[in-house]
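Please read the structure below before turning to the comments.
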Amino acid sequence: MQIYWDYNATTPVDSRVLDKMLPFFNQYFGNAASNTHYWGWTAAEAVKEARGIIAECIGAGESEIVFTSGATEAINLALKGAAEIHAPGGNHIITVQTEHKAVLDTCEYLSERGINITYLPVNHDGLVDTEEVKRAFTPGTFLVCVMMANNETGVIQPIREIAAIAHQHQAWMMSDCVQAFGKVPLNVDDLGIDIMPLSAHKFYGPKGVGALYLRRRNPRVKLSPLIHGGGHEKGLRSGTLNVPGIVGMAKAAEICMETLMPEYRRLEALRNRLESFLIEKGEAKINGSITQRLSHVSSLSFPSVKSETLLSRIPQLAISSGSACTSALQSPSHVLMAMGLSEAEAYGSLRFSLGRFTTEDEILRGGEILLKALQTTVKS
Ligand SMILES: Cc1ncc(COP(=O)(O)O)c(C=O)c1O
């Protein structure tokens, strides 16, 4: 009877992905760096194929993909690695107040070490103003880091326009595409993205594996490594490769691409249905842009309720009251606060993120459960 509406926090591994991964645990278990025997060659071949698949999904080349343990590591590698390469002349990063904590905390770390960080504001829709981006540059700006789609609201930033501005100033364009990959079409050349972190567990792949796209030409992105060791991944990320994870990530990506637009529209219809019901019956308000957002996400604020109290009454619904990574903290969502919501509105907000296994029946049933809890919570 449980309903899972927290696909932005993580997704289940698709059974086709699991089937693809299993032989790589005990049958083709070789170390991809062992280049003297069959087991090593088989593992290396599987990694090469996976690299090609992920690259193709974003219009990149195979040699532009570095495998990591996830997006947090990829983001750390990108930000810290770029800062080290550009020091001491390059000393300024432009980012946004509504980025994921993986970006914000890494920027905080860098700012304690002498890098200047501009945190751009967003408007009430959660969108960055490109005029603000233009004004933020200094002679030392080496990187602009703006996420494609927000994990809490699903709001999609005007990345193509921002990337063009970054390039006019000879700065690299980094975009956290963790929530957008597998949901909307992404092409690094079309969008002008030079650095793109990805995470498999957000698109029905396994946890503990991610990738970092790094443009090789015009501009050539060069980073200092974070992890030193055997020189894997061209020296950028040493450590024995997680072959089953990498194979699973590629299979998961492939499956997403096969059904990208039909699935986008299916989830949009379900999301809109749930939203209309909660707006009409529960007086909910949508947080963020209605037109520029992912189709499976809805951030809603409910009047005069605390989302934590509401959630404690509906254990059968898996919903988030903010981003999963910050939900342990008792502070209002930094994303919603940056969008100008009041503390009460932020504390009264819920994030619904639907996914591959969401059904119409769940939408109807879950909507009613939520409404009932809402009415009794408001009254008490
Ligand atoms: C937008 C965004 N960036 C980065 C991350 C971190 O990804 P990972 O779990 O792979 O470290 C997440 C996960 O919550 C996310 O939603």
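First listed ligand is number 1; within each ligand, the first listed atom is number 1. Model, not experiment: these values are computed from the prediction. The residues of the chain are indexed from 1 along the displayed sequence.
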Point to revise | Basic-acidic side-chain contact under 4.0 Å: Glu254, Lys251 | key: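 Looking at Glu254 and Lys251, the cut-off is met.
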
**Study point:** Side-chain ion pair, Glu131 and Lys134, N-O less than 4.0 Å
**Key:**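 Salt bridge present between Glu131 and Lys134.
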
Contacting atoms of ligand 1, where contact means under 4.0 angstrom from a heavy atom of [X]:
X	value
Gly70	10 (O)
Ser199	8 (P), 10 (O)
Asn151	1 (C), 16 (O)
His201	8 (P), 9 (O), 10 (O)
Met147	1 (C)

Review point. Is there any N or O on Ala9 that sits under 3.5 Å from an N or O of ligand 1?
Key: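 No, no N or O pair falls under 3.5 Å.
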
Review point. Just distances here: any N/O of His100 and N/O of ligand 1 closer than 3.5 Å?
Key: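 Checking ligand 1 against His100, an N or O pair does fall under 3.5 Å apart.
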
Looking only at the side chains, is there a donor atom on one of [X] and [Y] sitting less than 3.5 Å from an acceptor on the other?
X	Y	value
Thr138	Thr141	yes
Glu73	Ser69	yes
Glu275	Ser298	yes
Thr118	His92	yes

Practice item. Work out whether the distance between some heavy atom of Lys202 and some atom of ligand 1 is less than 4.0 Å. Key: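 Yes; Lys202 lies near enough to ligand 1 that a heavy-atom distance drops under 4.0 Å.
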
Exercise for review: Take every heavy atom of Glu73, measure it against each atom of ligand 1, and state whether any distance is under 4.0 Å.
Suggested key: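 Contact check Glu73 vs ligand 1: negative.
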
Check your understanding: Would you say the side-chain atoms of His296 pair up with the backbone N or O of Gly355, donor to acceptor, closer than 3.5 Å?
Key ->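 Looks like no, no N/O pair under 3.5 Å.
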
Check your understanding: Just heavy atoms, cut-off under 4.0 Å: does Asp176 contact ligand 1 by side chain, backbone, both, or neither?
Key ->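 Side chain only; the backbone of Asp176 stays clear of ligand 1.
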
**Study point:** Residue portion contacting ligand 1 (non-hydrogen atoms closer than 4.0 Å) for Lys207
**Key:**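 Neither part.
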
Check your understanding: Given Glu152, which of Ser321, Ser320, Ser299, Ser333 fulfils the side-chain hydrogen bond (donor to acceptor under 3.5 Å, both in side chains) condition?
Key ->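 So, applying the side-chain hydrogen bond (donor to acceptor under 3.5 Å, both in side chains) to Glu152 and each of Ser321, Ser320, Ser299, Ser333, only Ser333 qualifies.
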
